[in-house]
Amino acid sequence: MNQQQKCVVITGGSRGLGLAIIHRLFEAGYAVATCSRHPTPELQALIEQHGSSSLLWVPAAIGDEAEEAAFFAAVIEWAGPRTVHALINNAAVAQDGILATLPNVDSTRIIEVNLLGSLRMSRLALRHMLGARRGGRIINISSIIGSRGYTGLAAYSASKAGLDGLTRALAREVGRRQITVNSVAPGYLETDMSAGLEQRQRAQIINRTPLGRLGTVHDVSPLVMFLLSEEAGFITGQTLTVDGGISC
Ligand SMILES: NC(=O)c1ccc[n+]([C@@H]2O[C@H](COP(=O)([O-])OP(=O)(O)OC[C@H]3O[C@@H](n4cnc5c(N)ncnc54)[C@H](OP(=O)(O)O)[C@@H]3O)[C@@H](O)[C@H]2O)c1
C-alpha cells in the first residue's frame, strides 16, 4: 500500500456520474472507496483491474443511518495510514410524480437519501478530517432543479436546495480548517436517472439549452476533479452549475 496515496470517498459509484468520476479519480492517482445498494459489472471489473487496496466497494444504502456508519467505518479501516482527502455525496434517488398524489413515503425516502444521507455522511467525514488536521474537500452533487424547480420533482428539488444550503453552512463552519465544501449542479444528463424522460420532455429540454444537447457525465466529472485539486483551495461555499446554459 502506498501510504502517500490520497483516498476519496464517493457514494453511489456503481454507475452513471459516480462511476465516471471514479474513472477520473484513478487517472489522477487517488484510491477510491464507494458504496451502492447493488454491485455492477463495471465496478467489479475496476476492482479486478486496480486491486482492492485501490478500490473499496461496500454494499450500503445511503439513507439508512446504520449502513452509512458501517460504510464509513469500513472506509477508515481500508484507508489505514492514508489520508481521506475528500467526500463526494453523489448517491441520490429521483421519483417522478406530482406532490398532491405522490405518497408521503416516497417523498420522505427522497429527502432521507439525497439530503439527510449526505448530511450524515458529511458529519462522519468531517469528524475524521478535523481530527486528521490535513484539510479536505466535500463536494455535494446537487442539481439545477434545486434552484429552478421542475414539475413532478418537488421532493427532489427540495432535497437539492437543502443540499446547497448545507454546502454554504458547512463551508463557513470548517473553512478555517482548510476544508472546502462546494456543490456541483448539473443540468439534465444522459444517465439511468434521466432515462424516464419522455421524448417530448427531452426535445423541450434540448430546445431550451443554448448548447443544444443534454449533458453527459464527461461534462461534469472534470469540474469535480478541479474542485478536488490544490488549485481549487480558495473556492468554497459555492454551487457551480454545468448545464449547457439552460438556467442562464
Ligand atoms: N442524471 C441527471 O439528469 C442528473 C441531473 C442533475 C443532477 N444529477 C445528480 O447526479 C448524481 C448522480 O446521478 P446519476 O444520474 O449518475 O444517477 P444514477 O445513474 O441513477 O446512479 C445513481 C447511483 O447512486 C446509487 N444509489 C442510489 N440510491 C442509493 C442509495 N440509497 N444508497 C447508495 N447508493 C445509491 C446507485 O446504485 P444502486 O442503485 O445500486 O444503489 C448508482 O450507483 C445524483 O446526485 C443526481 O441527483 C443527475
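Remember, it's 1-based here, ligands and their atoms both numbered in the order they're listed. Since the model is a prediction, treat every value here as computed from it, not as a measurement. Quick note: residue numbers are just sequence positions, from 1.
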Atom 3 (O) of ligand 1: the protein heavy-atom neighbour that sits closest, reported with distance to 0.1 Å: L189 N, 2.8 Å
Decide whether S183 and N140 meet the rule of one side-chain donor and one side-chain acceptor closer than 3.5 Å. no
Donor + acceptor pair across side chains of N89, S122 (<3.5 Å): yes
Ignoring angles and geometry beyond distance, decide whether V113 reaches within less than 3.5 Å of ligand 1 through its nitrogen or oxygen atoms. no
Quick one: which ligand 1 atoms are inside 4.0 Å of a heavy atom on Y188? 3 (O)
Do you see a donor-acceptor pair shorter than 3.5 Å between the side chains of S14 and T40? no
For ligand 1, which is the ligand I care about here, please tell me if G18 has any N or O atom under 3.5 Å from one of the ligand's N or O atoms. no
Under 4.0 Å from a heavy atom of N90: give me the atoms of ligand 1 that qualify, with their elements. 11 (C), 12 (C), 44 (C), 45 (O)
N2 atom CG, neighbour heavy-atom count above 12 within 6.0 Å: yes
Hey, does V93 sit under 4.0 Å from ligand 1 if you only count heavy atoms? yes
Taking only heavy atoms of D192 into account, list the atoms of ligand 1 that are under 4.0 Å away from them. 19 (O)
Can you tell me the protein heavy atom closest to atom 28 (N) of ligand 1 and the distance? R37 NH2, 3.3 Å
Starting from atom 47 (O) of ligand 1, locate the nearest protein heavy atom and write down its residue, its atom name and how far away it is, to 0.1 Å. Y156 OH, 2.5 Å
Atom 36 (C) of ligand 1 - nearest protein heavy atom and its distance: R15 NH2, 3.6 Å
Give a yes or no on whether Q49 atom CD has more than 12 heavy-atom contacts from other residues, nucleotides or ligands under 6.0 Å away. yes
Ignoring hydrogens and angles, write down the donor-acceptor pairs under 3.5 Å from the side chains of residues 17-26, residues two or more places apart or on other chains.
{"unit_1": "R24", "atom_1": "NE", "unit_2": "S221", "atom_2": "OG", "d": "3.3"}

G63: heavy atom below 4.0 Å from ligand 1, yes or no? no
Numbered in order shown, the ligand 1 atoms found under 4.0 Å of a heavy atom of S143 are 6 (C), 7 (C)
Tell me the protein heavy atom at minimum distance from atom 25 (C) of ligand 1, and give that distance in Å. G12 CA, 3.6 Å
What protein heavy atom lies closest to atom 43 (O) of ligand 1? Include the residue and the distance to one decimal. S14 OG, 2.6 Å
Closest approach of any protein heavy atom to atom 35 (C) of ligand 1, naming residue and atom: A91 CB, 3.7 Å
Which atoms of ligand 1 are found less than 4.0 Å from any heavy atom of A61? 32 (N)
Compute the shortest N/O to N/O distance between G16 and ligand 1 and return yes if it is under 3.5 Å, no if not. no
Can you pull out every ring pair (Phe, Tyr, Trp, His ring centres under 6.0 Å) where at least one residue sits in residues 132-166? Sequence neighbours excluded, please. Y150-Y188
Can you confirm whether more than 12 heavy atoms, excluding those of Q199, are under 6.0 Å from its CD atom? no
Tell me if a side-chain donor or acceptor on N114 pairs with a main-chain N or O of I111 at a distance below 3.5 Å. no
Spell out, as yes or no, whether a donor-acceptor pair under 3.5 Å connects the side chain of W78 to the backbone of A73. no
Has the side chain of S147 got a donor or acceptor atom that lies under 3.5 Å from a matching backbone atom of I144? yes
Using a 3.5 Å cut-off on N or O atoms only, is K160 in polar contact with ligand 1? yes
Counting heavy atoms under 4.0 Å, the part of I62 that contacts ligand 1 is both
Path from L87 to I235 over hydrophobic side-chain contacts below 4.5 Å: no
Do R148 and S247 have a side chain donor and acceptor closer than 3.5 Å? no
Proximity flag G187 to ligand 1, non-hydrogen atoms under 4.0 Å: yes
Just to be sure I read this right, does ligand 1 sit under 4.0 Å from the backbone of A185, its side chain, both, or neither, counting only heavy atoms? neither
Can a side-chain donor-acceptor contact be found between D106 and Q95 if the only test is distance below 3.5 angstrom? yes
If we set the cut-off at 4.0 Å for heavy atoms, which region of A94 has an atom near ligand 1: side chain, backbone, both, or neither? neither
With a cutoff of 4.0 Å, is A60 in contact with ligand 1, counting heavy atoms of the residue only? yes
